[in-house]
Amino acid sequence: MREIECFLTLAEELHFGRTGERLCISQSRVSQLISALERRMGARLVTRTSRRVQLTEFGADFLVSLAPAHRALVNVVEEAKLRARDATTPLRVGFQGAIYDSIARAIRQFELQHPRTSVHIRELPLGDPFSDVLAGRIDAAVVLLPVEEPELVTGLVFSRQPQTLAVSVDHPFAGAGELRAEQLAEITLVPITGPAPDYWRRAHSPRSTPGGVRIHTRGGASTVQEGLSQVASHRGGLLLCAATAAYSQRADIAFVPVHGLPDSALALVWRDDNESPRVRHFASAIEMALDRAS
């Protein structure tokens, strides 16, 4: 690049001394750079006498092709520098289920406090809470407990509430104020499908009640909306955390708390080798937003 810049400047000045002044180098250095470029090209680019400097025919043709390409390259670099000064660093956060109001406020507050970081949100499949964060495709994830992955740090646990059962409004359970876990044996559940670990699946798609009675299943859902569509079509019930249930209210579905199962809870997790101040600050922003909401 230094050789090319020297040649372009010499083509304008047609004088080795003035070229050196513009580039803040000596006249002999100009000669060295031009000679090096000529060797690289395999042809003379300029002729020089004691009185004048002139481009050779090859040099003139080279200049015609080189000058616009050089300008384009300079423009690309300058535009990139401008973008770099204004650019934000993304914090990629996955969410399993809904981003309800307090979390949305936490994201807005975090971005106000850290203007050079923007939160990029990705929805996680209901039945695959950990793959993206373990693979490094996201920096952190809000997932349903339990989390027993040794590579993951559980930085914040919140929204601990009884699980809810989504049923069609026509189902006999729809009018109940609450259900006992053993009553799940009286309904067919829509199981959560996906590569979630067995311990996680047992918590959210149990195949038996705490007393050991078999729970029948039908169909399968990899997203909340898939599951709710099957519930509305009278194919069975779907267990959901209370936060997602509150966010997913619809006229054809009732959500009934279920007691006797482990409470649902959300956690912010990240890979232990991917911890950063940004992730910790994000966890603090969520914690503050939840404290204000409570």
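This is a predicted model, so every value here is computed, not measured.
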When you measure from the side chain of [X] to the backbone N and O of [Y], does any donor-acceptor pair fall under 3.5 Å?
X: T164; Y: L240; value: yes
X: R52; Y: L14; value: no
X: E111; Y: V119; value: yes
X: R105; Y: A289; value: no
X: T56; Y: R44; value: yes
X: H15; Y: G17; value: yes
X: S222; Y: G194; value: no
X: H204; Y: L145; value: yes
X: Q96; Y: L126; value: yes

Return each pair, listed once, that meets side-chain hydrogen bond (donor to acceptor under 3.5 Å, both in side chains) where at least one residue sits in residues 63-72; pairs must be two or more places apart or across chains.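 Listed by first then second residue: nothing to list.
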
Here the side-chain hydrogen bond (donor to acceptor under 3.5 Å, both in side chains) pairs for residues 179-194, sequence neighbours left out, are E182-T209

Using a strict 4.0 Å threshold on nitrogen-to-oxygen distance, state whether E151 and R271 make a salt bridge. no

Distance-minimising heavy-atom pair for [X] and [Y]:
X: A106; Y: A285; answer: CB-O, 3.6 Å
X: G260; Y: A181; answer: C-CB, 3.8 Å
X: I138; Y: A141; answer: CD1-CB, 3.8 Å
X: P162; Y: H259; answer: CG-CE1, 3.9 Å
X: V169; Y: A251; answer: CG1-O, 3.4 Å
X: A166; Y: I253; answer: CB-CG2, 3.9 Å

Inter- and intrachain pairs under ring pair (Phe, Tyr, Trp, His ring centres under 6.0 Å), touching residues 148-171, at least two apart: H171-F173

Distance from T9 atom OG1 to F16 atom CZ, nearest 0.5 Å? 12.0 Å

How long is the span from the CD1 atom in I215 to the OG atom in S205, to the nearest 0.5 Å? 9.5 Å

With a 4.5 Å limit on heavy-atom distance, are the side chains of [X] and [Y] in contact?
X: V153; Y: V269; result: no
X: L266; Y: V143; result: no
X: H234; Y: D170; result: yes

Do other residues, nucleotides or ligands put more than 12 heavy atoms under 6.0 Å from the CD atom of E57?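 Count not over threshold, so no.
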
Applying salt bridge (Lys or Arg N to Asp or Glu O under 4.0 Å) as the test, list every pair that has at least one member in [range]; sequence neighbours left out.
range: residues 127-144; answer: R92-D139, R122-D132, D132-R137
range: residues 230-251; answer: R250-D252
range: residues 15-37; answer: E12-R22, E13-R18, E13-R22

If the plane angle is over 60° it's perpendicular, under 30° parallel, otherwise tilted; pick one for F110 and F282. perpendicular

In terms of relative ring orientation, are F130 and W200 parallel, tilted or perpendicular, with 30° and 60° separating the classes?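 Perpendicular.
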
